[in-house]
Every structure is written in C-alpha cells, then in structure tokens.
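Nothing fancy with the numbering, it's 1 onward along the sequence.
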Amino acid sequence: MTQLSVVVSGRAPLSRLRACLESVTAQPYARLDVVVTVPLDDPAARALAETHETRDPRVTVVPVSPHASTATARATAAGAARGAYVQFVHPDDRLPEGAAAALAARLDALPEAAAADVLLCDHRLAHWWDDAAPSGDTDLLTRLPRLTSLDERPDLLDLAPVLGARLISARLLAEHPGLLAVEGDLYPAYAVLLLARRIACCDTVALVHRRDRPVQRRAADPERHFAAFGPYERLHELYAACGNPAVRARLYDRMTADYLATLARRDELPPALVAEYFRRAARHAARFRPEGHRGPGGLDGVRHQLLVHGAYLGYRALRGANDKRRALQSAAGARAEQVAAVRTRRRYRAALRRRVDEDLAVFSAYWGRGVHCNPAALAAELAELAPDIRRVWVVEEDRVPLLPPGTDHVVPGTPRYWDVLARAKYLVNNVNFPNEVVKRPGSVHVQTHHGTPLKRMGVDQRDHPAAAQGLNFDALLERIDRWDYSLSANSHSTETWARAYPSGYRSLDYGYPRNDVYYRATAEDVLAARARLGIAPGRRAVLYAPTHRDHEARWTPRLDLPRLAERLGEDTVLLVRGHYFHDRLPGPRHPRVLDVTGWDPVEDLALAADVLVTDYSSLMFDYANLDRPIVVHADDWETYTRVRGVYFDLTAEAPGPVTRGQGELTEVLTSTAWCDETARKQRHDFRLRFCEYDDGHAAERVVRRVFLGEGEEGLPPVLPLDRRTPAPTPEEAARR
C-alpha cells in the first residue's frame, strides 16, 4: 500500500483550518502521513494543530517563522513528509471523505514499471452557496489515458492549476528542489506536468477547493492581483527547453486567456489597477507569443489582438462599449422601479457629492428601535473619549417618544435621514443599513452584531428555508461588502462571522461593548435595577428569556408560567423577557410573573436576576459574563436544530443544567441543582469559550481603534478570565 503525505500549509481563518484538519484526520487510511505548518505568530492555529497531533500519530506539526513565505513554509513541510506521494493542501480547502484510500488504490493499480511522477485528479469547488460544485475538469479527465505525458497530451494544461489536485512523487520533488520555491499554485501545478516523465490520470475527486468571493480577493494586498506574472514568466523560461511547439503554444494560450479573464473581472480587479495590469499582460503576450501563432476567433480574438499589440485605448473603448450596452439593457429592465424612487435617489445622490463629514457618526440598532445594544454602548463611550464627533441615531417614528431626552435622531425616509447617511464618516449598526446606502470612499462602516451565534446566520441559512424565508442572499452579500469592521466577543464568533458573512472586512476581537456594564456595575447599580423592577429584598429573581422560533407564526410560551410560579413559591419572582420580535407576554397573568418583554435596557434585567433560564437565546452568552447560574430549557431542541440549524450542540456544552420538560425545570429550580458545583464547573467552561474578549473595556478598544485611529499596541489588553471581577450578585449587593 502506497504511503501518502498530505501537507497542510498556509494561513486561513481558524474555522477553515479546523475544517481542513478534521477532513484530513478523518481519512481512515492507515498509511497517511500528515504534515501541518503553523506560523509562530498564530498561537490559536498552533494550538489547534497540536491538538490533532496529540490525538493522531499520523500528524506532525512544523512551526515556521511568521516571516516565512508560503513557498518556504510549503517546502519546509515537504522536507518533513515521509510519503511516496505528496498532496499539498491549503487550509482553506479540505479532503473529501475516503479520498486518501481511493487515491492510494489508483496508484497501487499502476504497473510497477510505469510508476507515475504525478497523479492528476479531479476536484470540487466550494463557494458560499455550494459546498461541492463541479470543477469543470471532469470531462477532460475522463477522456485522458491512464498513463500519458505532456508531450502526448498538451491539453493537460487546460486543467485548472489547483496544486492540491495533483499528487506529486517524492522522487520528482527531490530531483527538482526549486519546484516549490515559487509562491502560489500556478507555477508548481504547471511545472510538474513538464518535469514529469509519466503522468497518471484519474477522475477521483481529491480535493474540495474553496473559492473566496471576489470582494474578499479584492480586499487583499494589491500585489496579489499581479501575482500570476512572475510564475508565468518562469514557466515560459522552463518550457523554452521543451521541444514540443504544441506544448509551448498551449501554455501561451492558457496565459493570455487567464490575463484577459482577470481584466474582465470587474468585481475583483480594482479599476485603478486595470491600466497597469493590461500593460504588464501585453508585454508578456508580445514577448512569449510563438512564431506564427493564431489567436482565437470572434470577440475573444479581438481582445487577444488588442492585448498582443498593447492597444490599451482600443481595449478600453471596447470595454466601454460593452459596458454601455449592458447598462442600457439593465436600465430598460429596471425602469419602472427607477421611476418610483427617482426623487429619493436624486436627493441622496446630491448629498453623496458633498464632502464626507469627518465628525459625524450615525448609529442604528435593531432596525431603528432606538438607543440599544452595542451601538448604544459605543455611542456612550464615544461621548466620553471623542465628544467632538456628533452622534445621530436612526429611529423609527413610533419609537421617537422613547428616546432619551436630547438624543439627536433622524426618521428613516426623511430628507435629513438620507443626508446624514450620505455624509457621515462613521456608520454603526447591529444589523444592516438599507440596500440603497452607498459605501463612500472615506466612510467607515462598523458592524457590531447583536449576539454570539448559536443558530445559523447569514449565508449559512441557505440550507434552512424556514429560517431564510424571504432572505435575498445576493442583497445580503452586497450589504456586508460595505463593512469595514466586524465586532466579536469570542473566537467562535470570529470564525462564524467569517463563514456566515464572507467579505473583506476586518474582525475586531475586542468583546461586545454592551457587555462592559457587567464588569462596571456596582452593588448600588444592582440594587437600583431590582428596585426599578419592584423586586423585594430577599426574593429570588428568575429571568426567563425564550428566543424566537422561525417556524411559529406567533409567540406561544412553552411553559405554564403561572403553574411554575406557584411551584417555585412566594420567595421567587419570574421576569419573562420575550424576543424583541414580540410586544408582550400572551396568556393568563400571575402576581409573581412579571412581563418585561418591552423593558429596556435588557442589561438591567440581567443585573437584577439571580438566575437565567433560557432556551437558545444569545442572552445566555452575555449573561455568562456575570458568572451567575444559567439553566437551559431545551424542550424542542431537535425541532429547533432541524428547522433553524445550529453551530454546536448546546445540550452537550451548556452553561448549566439542561432540562427537557417543565417538571425537570421545576425540579432543578426547587433543588440546589441550578447553583451547585456541577453547574459552576459547566459555567466556568462556557465562560472560557464564549466570554473570551469581554472584560469591561470593549467599547474603549473599539472607539480608540476605529474613531481615534490608535494602533493595536496602545489598546487596553484583554484581561484573563481569572483577573476579571463581574458585578456583584443581588445577594452580595444586599450585604454591602
């Protein structure tokens, strides 16, 4: 049985690295050797890789310098590989189930005398909307002979240059050490085809190759857009020694087609780089053109000739004519919609022509419900640290009477609303601004989010139609492309946002500003919150906060609350907080059941409560900062996970006892199970994972970084969990 090595090398979000390593170590093939490189400046990646190394003897972790290039890291890992064939996998990618055994079987089936230098395989493409789209290589791979060479089949160069879809013999790597010295996949993927004496072909899927959205690639270093020029130049130098003119012509066609395709990608190549890209591509097109070469026909041939002759003005004219034609077609199709909104857009466009106001910040929370959540905490901190920046809130008209006195605000749709949205330098929201809002150069959009995700969010909802009902994913992606910053309270959220909202923003792993109060509140604040709610001294306050269910048309309490109040006794009051989608508690009333669905802020309720009972509400992640008991009532967990989808099994990683019926819940709350040592241990583990960055200084970090432009090194460091002091419990507050 052939020993295979899988080299995992490169940088990627932790969620993708985790998925990659899990897919590799899940391969049951015993003769698998796994080498993982981790940069020394990425402790989270190193910890994850070393966990796999501890669990699986097939895994070897190779630390590399944070300054090492990806090519250097890949070559270093190859030196540690022990297999007869090596597969190079980027941590963005993953292996299909059973791939290693299937590929080894393909190699073992080859005659010993015909051992291949390279095994060409198929792959699948992973996009945000489809985890296994066909590669486009399948038809060619099925037509190729079992063993061949590039001289025999120059059309091998038509296969996508995905390095992970080629298994390279260790012998070939040893004979050509410079093969891995060039950055990216392009050079080694094509170079091995020329250097190999025998090439084996199969249509087995060896890799699921992830393709980022164009906006994510656009957000990368501008030099990345020019990354193909160096490899293609080296490939032509390498192929110059090849005596087969058909091979050199095929490489030339592949190169020029790639260059023209890149120029055509309006959503990836920034307009400011088009002219320079064209000039560099034209130099290659002229320099490496084979004698007597005939380009393609039709419109592609026109573009090819313009490139070969370096006629940028002609290319730009052709491009402009095509743009105009498409614009006219689009305008004709959308004319009715344009007429309806013309007045609003004219006003907004006029405002967009004005200078960006460097001292104007617009805040919004929960679709204009008022001064709430993370935006409210940021606005308050901004008033302290940068009072010269004016703060304007977007508030629906029916919520205006509830605003704190003196709050500067605008009502959606009004002239001033569009004016401030057009001119503000800073736009802060815990959901999204409307589709019509334009991301201006110089403006800064901050997405604060409004909870740690348990349920599926963003594009991850695409497989859960009840949750995604009416959600336009294309429009969602356009909205998230406006984000400059995304706030996170823990590594789980950071990884989830990267997957659920794929775009080019920067994650601020600073904690949630709304949770600062849980570390800053005093005993007097706790007692005052209880007094405002009318909770008598000595009474236990149970905060019950169920979440919304996408499959239910209206809120139907899942507990008989009057009966529960009776069972809990005279010394307990139930604070019932419905989801913000609902107005009030339905059903019969009870003197010890207090409906606080409309109570703001929710942080008051948390400070006043002795224990939280919830099902799947994100409030549990915030409340955990107080280090007070939490009970999870998961009576419909299976239904909820099937309809909405979740990111982890809450019943297995709960912050406290888990109950499945009212009887169990009553028993937990009438015994010591809600606050015993087992519950305390569960809560501690939960806090370690989900209160990772919350320490009372989140708002300060965000304001200093985003609004004041301070560097990371000057921000307050996140305190370890054992050095944080949460607000006192009601019992502790009463003793002070």
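A ring-centre distance under 6.0 Å is found for His293 and Tyr252.
Side-chain atoms of Thr2 and Asp108 include a donor-acceptor pair closer than 3.5 Å. Neither side chain, Asn244 nor Tyr239, offers a donor N or O lying under 3.5 Å from an acceptor on the other. Side-chain N/O atoms of Thr70 and Glu183 include a donor and acceptor closer than 3.5 Å. Checked by atom type, the side-chain pair Arg265/Thr262 shows a donor-acceptor distance below 3.5 Å. In this model, no donor atom of one side chain and acceptor atom of the other lie less than 3.5 Å apart for His445 and Asp484.
Using a cutoff of 4.0 Å between basic side-chain nitrogens and carboxylate oxygens, Asp93 and Arg210 are not scored as salt-bridged. Under 4.0 Å is where a charged nitrogen must lie from a carboxylate oxygen, and between Arg250 and Asp155 no such pair does. Using a 4.0 Å cut-off between charged side-chain N and carboxylate O, Arg143 and Asp139 make no salt bridge.
No donor-acceptor pair closer than 3.5 Å links the side chain of Ser5 to the backbone N or O of Val86. Checking side-chain atoms of His176 against main-chain N and O of Gly178 turns up no donor-acceptor pair under 3.5 Å. Checked by atom type and distance alone, the side chain of Arg16 never pairs as donor or acceptor with a backbone atom of Pro13 at under 3.5 Å. Side-chain atoms of Gln87 never come within 3.5 Å of backbone atoms of Ala165 as a donor-acceptor pair (strictly under, hydrogens ignored). When atom types are taken as modelled, the side chain of Tyr348 and the backbone of Val438 share a donor-acceptor pair closer than 3.5 angstrom. Remark: side-chain polar atoms of Arg440 are paired, donor with acceptor, to backbone N or O of Ala422 under 3.5 angstrom. Not one N or O on the side chain of Glu175 forms a donor-acceptor pair closer than 3.5 Å with the backbone of Leu195. Side-chain atoms of Tyr85 come within 3.5 Å of backbone atoms of Ala116 as a donor-acceptor pair (strictly under, hydrogens ignored). In terms of modelled atom types and a separation under 3.5 Å, the side chain of Arg319 and the main chain of Leu263 share a donor-acceptor contact. A distance-only check finds no donor-acceptor pair linking the side chain of Gln447 to the backbone of Arg482 [under 3.5 Å].
Between His127 atom NE2 and His209 atom NE2 the span is 9.5 Å, to the nearest 0.5 Å. For the atom pair OG1 (Thr204) and CG (Leu120), the distance works out to 12.0 Å, reported to the nearest 0.5 Å. In this structure, Asp203 CG and Leu140 CG are separated by 11.0 Å, a value rounded to the nearest 0.5 Å. Distance check, rounded to the nearest 0.5 Å: CZ of Arg197 to CG of Leu172 gives 6.5 Å. The CZ atom of Arg18 sits 7.5 Å away from atom OG of Ser15, with the distance rounded to the nearest 0.5 Å. Once rounded to the nearest 0.5 Å, the distance linking CZ of Arg166 with CG of Asp117 reads 14.0 Å.
Considering all non-hydrogen atoms of both residues, Leu307 and Ala281 come closest at CD1-CB, 3.8 Å. Between Pro188 and Arg74, the closest heavy-atom pair is CG-NH2, 3.9 Å. Here the closest heavy-atom approach between residue Pro441 and residue Val356 is recorded as O-CG2, 4.0 Å. Here the closest non-hydrogen pair linking His304 and Pro296 is CG-CD, 3.9 Å. The minimum heavy-atom distance linking Cys20 with Pro91 is given by the pair CB-O, 3.4 Å. In this structure, Cys201 and Leu119 approach most closely via the heavy-atom pair N-CD1, 4.2 Å.
Ile199 places a side-chain heavy atom less than 4.5 Å from the side chain of Leu156. Side-chain atoms of Leu207 and Val89, non-hydrogen and from C-beta on, do get closer than 4.5 Å to each other. Between Arg279 and Tyr277, the closest side-chain pair of non-hydrogen atoms is not below 4.5 Å. Using a 4.5 Å cut-off on side-chain heavy atoms (C-beta onward), Val182 and Arg234 make contact. At least one side-chain heavy atom of Lys439 sits less than 4.5 Å from a side-chain heavy atom of Ser443. Put simply, the side chain of Leu14 does not reach to within 4.5 Å of the side chain of Thr494, judged on heavy atoms. Counting heavy atoms from C-beta on, the side chains of Arg82 and Thr60 come closer than 4.5 Å. A heavy-atom distance below 4.5 Å is found between the side chains of Thr138 and Thr142.
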*asked:* Between Leu48 and Val38, is the side-chain contact (heavy atoms from CB on, under 4.5 Å) condition met? List the steps.
replied: CA-CA 10 Å; Leu48 176 62; Val38 288; over 6 Å; no
*Give the intermediate values and the outcome of salt bridge (charged side-chain N to carboxylate O under 4.0 Å, His left out) for residues Asp122 and Arg124.*
CA-CA 7 Å; Asp122 203 356; Arg124 293 282 187 266; 3.6 Å; yes
*Would Ser135 and Val162 count as a side-chain contact (heavy atoms from CB on, under 4.5 Å) if you check the C-alpha gap in whole Å, the side-chain angles of each, and the deciding distance to 0.1 Å?*
CA-CA 10 Å; Ser135 66; Val162 176; over 6 Å; no
*asked:* Could you walk me through whether Arg31 and Tyr29 satisfy the side-chain contact (heavy atoms from CB on, under 4.5 Å) test, starting with their C-alpha distance in whole Å, then the side-chain angles of each, then the deciding distance to 0.1 Å, before giving a yes or no?
replied: CA-CA 6 Å; Arg31 301 209 66 198; Tyr29 190 59; 3.7 Å; yes
*Please walk me through it: do Arg287 and Glu233 pass side-chain contact (heavy atoms from CB on, under 4.5 Å)?*
CA-CA 10 Å; Arg287 175 182 171 188; Glu233 185 161 342; 3.0 Å; yes
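By the 30° and 60° cut-offs, the orientation of the rings of Tyr505 relative to Trp483 is tilted.
Within the structure, side chain to side chain donor-acceptor pair (under 3.5 Å) pairs that include any residue of residues 306-318 do not occur (at least two apart or interchain).
Screening Phe288, Tyr187, Tyr259 against Phe229 for a ring-ring contact (aromatic ring centres under 6.0 Å, His included) leaves a single residue, Tyr259.
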